[in-house]
Amino acid sequence: MPDTYNGIGTSYLGKCKFEQDDSFVTTKWFQIVAPIFPLGSVRLRDLGSEGVPFLKRTTNYEFIEEVPLDVMQVVRTYAYTVFIVAWFGHWAMGNQPPLVRFIMITLGILLPFAMRFLSKRMSQ
């Protein structure tokens, strides 16, 4: 299972190719705060989480099988990482009109949910 200490280590990122048994394909990444390179893809089933959200949270998974590296998921993860870095850079500059800030914040928050919704929709 992935493990991260102070932002360095491995983690699962992304969910796609959902099945009827609630399993999904995810990619294991080596990361230093942000994902650096993919280590492989696996099919998992989420068994639930415990702990305090955003602080110390553990998610339990049931491993189903190893699958070939999902290249599109890797591309989406890199694209989202670039988007977040650009989003923070744009937001930190501070000279934007309030509407632009609102749009950027809304897109940054909603993008992962929209991508997961579309992935579930496409798999049906």
Side-chain angles (χ1 to χ4, degrees):
M1 281 294 158
D3 190 31
T4 306
Y5 182 73
N6 288 340
I8 300 172
T10 58
S11 66
Y12 290 131
L13 295 174
K15 292 181 180 180
C16 67
K17 299 181 181 173
F18 292 88
E19 294 289 334
Q20 296 295 333
D21 63 353
D22 291 331
S23 67
F24 55 89
V25 172
T26 187
T27 301
K28 187 175 183 178
W29 288 81
F30 173 74
Q31 67 178 35
I32 301 176
V33 180
I36 305 297
F37 60 87
L39 300 173
S41 293
V42 295
R43 178 165 291 283
L44 302 175
R45 185 176 300 119
D46 190 347
L47 298 177
S49 299
E50 53 192 38
V52 180
F54 302 111
L55 295 177
K56 178 63 177 163
R57 188 174 187 105
T58 302
T59 304
N60 299 308
Y61 296 106
E62 175 186 357
F63 176 83
I64 296 175
E65 66 179 334
E66 286 193 34
V67 296
L69 183 65
D70 190 333
V71 176
M72 284 308 298
Q73 190 174 58
V74 170
V75 169
R76 285 189 302 267
T77 302
Y78 279 135
Y80 184 68
T81 302
V82 167
F83 172 81
I84 289 298
V85 169
W87 178 75
F88 275 117
H90 181 78
W91 186 68
M93 292 308 204
N95 293 356
Q96 301 81 23
L99 180 61
V100 172
R101 282 186 178 207
F102 175 77
I103 291 170
M104 292 298 290
I105 290 170
T106 304
L107 286 176
I109 292 170
L110 295 180
L111 187 60
F113 297 104
M115 291 171 65
R116 191 166 298 132
F117 173 80
L118 290 174
S119 179
K120 282 184 179 180
R121 192 86 183 249
M122 290 171 49
S123 69
Q124 294 177 350

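The residues of the chain are indexed from 1 along the displayed sequence.
- Under the 4.5 Å side-chain heavy-atom criterion for Ile, Leu, Val, Met, Phe, Trp and Tyr, Val25 and Phe63 are members of distinct hydrophobic clusters.
- Atom CZ of Phe113 has 12 or fewer neighbouring heavy atoms from other residues, nucleotides or ligands inside a 6.0 Å radius.
- Nearest heavy atoms, Arg45 versus Asp22: CG-O, 4.1 Å.
- Taking both residues in full, the closest heavy atoms of Pro68 and Ser41 are given as O-CB, 3.6 Å, listed atom of the first, atom of the second, then distance.
- Contact detail for Leu39 and Trp29: the closest heavy-atom pair is CD1-C, 4.1 Å.
- Side-chain contact between Val74 and Leu69 is present, with at least one heavy-atom pair separated by less than 4.5 Å.
- The main-chain N or O of Ile36 is found under 3.5 Å from a side-chain atom of Tyr78 such that the two form a donor-acceptor pair.
- Using a 30° and 60° split on the angle between ring planes, Phe18 and Phe24 fall in the tilted class, from 30° to 60°.
- Here Thr81 pairs with nothing under the side-chain hydrogen bond (donor to acceptor under 3.5 Å, both in side chains) rule; sequence neighbours left out.
- Within 6.0 Å of the CZ atom in Phe102, the count of heavy atoms belonging to other residues, nucleotides or ligands does not exceed 12.
- Using a 4.5 Å cut-off on side-chain heavy atoms (C-beta onward), Pro35 and Tyr80 make no contact.
- Ile8 and Phe37 fall within the same hydrophobic cluster, defined by Ile, Leu, Val, Met, Phe, Trp and Tyr side-chain heavy atoms under 4.5 Å apart, directly or through other members.
- Screening residues 70-87 for salt bridge (Lys or Arg N to Asp or Glu O under 4.0 Å), with sequence neighbours left out, gives Lys17-Asp70.
- For the pair Asp46/Lys15, a side-chain contact is recorded, criterion being any heavy-atom separation below 4.5 Å from C-beta on.
- Linking Ile, Leu, Val, Met, Phe, Trp and Tyr residues whenever their side-chain heavy atoms come within less than 4.5 Å leaves Val67 and Leu44 in two separate clusters.
- Counting only heavy atoms from C-beta outward, the side chains of Thr27 and Leu13 never approach each other to under 4.5 Å.
- For Thr10 (side chain) and Phe30 (main-chain N/O), no donor-acceptor pair under 3.5 Å exists by modelled atom type.
- The nearest pair of heavy atoms linking Gln73 to Gly14 is NE2-C, 3.2 Å.
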